[in-house]
There are 2 protein chains.
Amino acid sequence: MRLSTKFSDTIHLLAFLQVYSDIKLTSAVIAASIQTSPVVVRRLVGALKNAGFIDNDPKNHNPRIAIDPKDITLLDIYLITEGHTPLFVIDKETNPLCRVGGNIQPVLTNIYGEAEQAALTVLNSKTMQDIIDSLIVHNKVKQAKEKSDLAQDA
Amino acid sequence: MRLSTKFSDTIHLLAFLQVYSDIKLTSAVIAASIQTSPVVVRRLVGALKNAGFIDNDPKNHNPRIAIDPKDITLLDIYLITEGHTPLFVIDKETNPLCRVGGNIQPVLTNIYGEAEQAALTVLNSKTMQDIIDSLIVHNKVKQAKEKSDLAQDA
DNA sequence: AATTATGTAACAGCAAAAGTTACGGAGATG
DNA sequence: CATCTCCGTAACTTTTGCTGTTACATAATT
């Protein structure tokens, strides 16, 4: 089956909390940005609260990031949301009596592990702050483009 | 969704062709090692023939590896079997009018791409020959262990 | 107090993968 | 040359796990 979107959605969620910390953040408001249902958002928020990444702002009762975004890496989020699922799947049903089927699993475990490690190392080098910074840059570029397109039309 | 087992099964298949090149290799025989159905094996073999990695041995009419196993990397196999599926999934349904939802996709595309690239680079550094060599080592270790266990019992 | 939002649990729907059935055709065997 | 086996492929079924929905008890808000 296909991988879940939980990892992406959770990054989205955390960025949203930070970018929109000044408005009232209900699960419905957040869901409108992720384009999912409020229940799904509550589930994601719940998992993050459990892991200590989100708490409640005493001022406005918003959920908010409980840790400096510089100190949250994408690997941290990945492990919370999909940590159980290996990136590469090994077929567990192979004939143990065969010279190939009986030995392929540990061989693949090693190699896949190495590949997965490489990917997760990249994720560990990126923080939520990097995401938020990139979002702002992308947004500025987009707005400048829209403005120039508008001038073009006029 | 989780990834399919096609990647693993195809590596298994190619190793099997090489290790058992001396016996009659029907799809049923191969299926017994992978523990799947002959039809599934035929599908995998078909894809590999299409890609030029397998041809037919004129001697015994077995399917056989058409390229030196040293020159087949796991990345080659990965691209044939799962090349279309990204390792990390990006939620395509986000609100374009939101400062986060409207910009998160390209941001994630960049970072996920970098992580995926790192994993695929590892896969590209491993060949089918490495797999076959490792299988032989694992098998020898296993057999030695069995022999010593047997001596223990006696 | 009344309203609104949360946290969960249970259920339904959907999409993708794996396995199954079926069958025409190619090649092997006697 | 007739039979038998296996292949290649299409269509269908089953399974599985993710997403979203419904429902409701609890907590917080006004």
Side-chain angles (χ1 to χ4, degrees), chain A residues 1-10 12-13 17 23-51 54-64 78 80-95, chain B residues 1-10 12-13 17 23-51 54-64 78 80-95:
Chain A
M1 204 170 189
R2 78 164 180 288
L3 246 86
S4 83
T5 57
K6 261 190 298 185
F7 180 35
S8 290
D9 289 342
T10 301
H12 185 150
L13 166 61
L17 294 188
I23 65 171
K24 175 75 194 148
L25 291 172
T26 68
S27 58
V29 167
I30 301 166
S33 174
I34 305 183
Q35 284 189 194
T36 180
S37 86
V39 177
V40 171
V41 170
R42 280 179 239 154
R43 278 203 280 248
L44 297 177
V45 170
L48 289 166
K49 279 186 177 170
N50 250 327
I54 286 184
D55 63 7
N56 279 311
D57 190 328
K59 293 188 190 179
N60 50 17
H61 274 261
N62 275 351
R64 69 170 181 191
Y78 179 80
I80 292 172
T81 55
E82 326 239 22
H84 38 91
T85 323
L87 271 185
F88 300 98
V89 176
I90 295 174
D91 192 337
K92 291 280 180 295
E93 311 278 315
T94 59
N95 189 337
Chain B
M1 85 184 135
R2 79 161 180 282
L3 250 82
S4 81
T5 58
K6 261 191 298 185
F7 180 34
S8 291
D9 289 343
T10 300
H12 185 150
L13 167 62
L17 294 188
I23 65 172
K24 177 74 194 148
L25 290 172
T26 68
S27 58
V29 167
I30 301 166
S33 173
I34 305 184
Q35 285 190 193
T36 181
S37 88
V39 177
V40 171
V41 170
R42 281 179 237 152
R43 278 203 279 248
L44 296 178
V45 170
L48 289 166
K49 279 186 178 171
N50 250 327
I54 286 184
D55 62 7
N56 279 310
D57 190 329
K59 293 188 188 177
N60 50 18
H61 274 261
N62 276 348
R64 67 170 182 191
Y78 179 81
I80 292 171
T81 55
E82 326 241 21
H84 38 91
T85 323
L87 270 186
F88 300 98
V89 176
I90 295 174
D91 192 337
K92 291 280 182 294
E93 311 279 315
T94 59
N95 189 338

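Convention: sequence-line order gives letters A, B, ...; per-chain numbering from 1. When reading the values below, keep in mind they use all heavy atoms of this one structure, side chains included, and skip hydrogens, waters and symmetry mates.
A distance of 8.0 Å separates OG1 in B/T5 from CD in B/E82, rounded to the nearest 0.5 Å. Between B/T10 atom OG1 and B/I80 atom CD1 the span is 8.0 Å, to the nearest 0.5 Å. The NE2 atom of B/H12 sits 10.0 Å away from atom CG of B/L17, with the distance rounded to the nearest 0.5 Å.
As a whole-Å value, the separation of B/L48 CG from D/dC7 C1' is 15 Å. Rounding to whole angstrom units, CG of residue B/N56 and P of C/dA26 are separated by 15 Å. Taking atom NZ of residue A/K59 and atom P of nucleotide D/dA28, one finds them 20 Å apart after rounding to whole Å. Put simply, CG on A/L44 is 13 Å from P on D/dC18, counting in whole angstrom units. Spacing between atom CD1 of A/I30 and atom P of C/dT6 amounts to 8 Å, rounded to whole angstrom units. Rounded to whole angstrom, the span from the NZ atom of A/K24 across to the C1' atom of D/dT29 amounts to 9 Å. Per the geometry, CG belonging to A/L25 stands 18 Å off P belonging to D/dA28, to the nearest Å. Between B/L13 atom CG and D/dC7 atom P there is a gap of 12 Å when expressed in whole angstrom units.
Of the candidates C/dA28, C/dT6, D/dG20, C/dT6 carries the atom nearest the A/R42 side chain, counting heavy atoms from C-beta on. Here the side chain of B/V39 is nearest to one of D/dC6, C/dA28, D/dA10, namely D/dA10. Closest to the side chain of A/R43, out of D/dT21, C/dT20, C/dG7, is D/dT21. Listed nucleotides: D/dT29, D/dT19, C/dA28. Nearest to the side chain of A/H61: D/dT29.
Between B/T26 and D/dT5 there is no side-chain polar atom (N or O) within less than 4.0 angstrom of OP1 or OP2. Between B/S27 and D/dC6, a side-chain N or O to OP1/OP2 separation shorter than 4.0 Å is absent. In this model, the phosphate group of D/dG8 is approached by a side-chain N or O of B/K49 to a distance below 4.0 Å at OP1 or OP2.
Where B/D91 and B/A28 each meet DNA chain D at their nearest nucleotide, the meeting point lying more 5' is that of B/A28. Of the two residues near DNA chain D, A/N60 and A/S37, the one whose nearest nucleotide lies more 5' is A/S37.
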Original post:
Do B/D55 and B/K49 pass the salt bridge (charged side-chain N to carboxylate O under 4.0 Å, His left out) test, and can you show the C-alpha distance, the side-chain angles, and the key distance before you say yes or no?
Top reply: CA-CA 6 Å; B/D55 62 7; B/K49 279 186 178 171; over 6 Å; no

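Side-chain atoms of A/N60 come within 3.5 Å of backbone N or O of A/N62 as a donor-acceptor pair.
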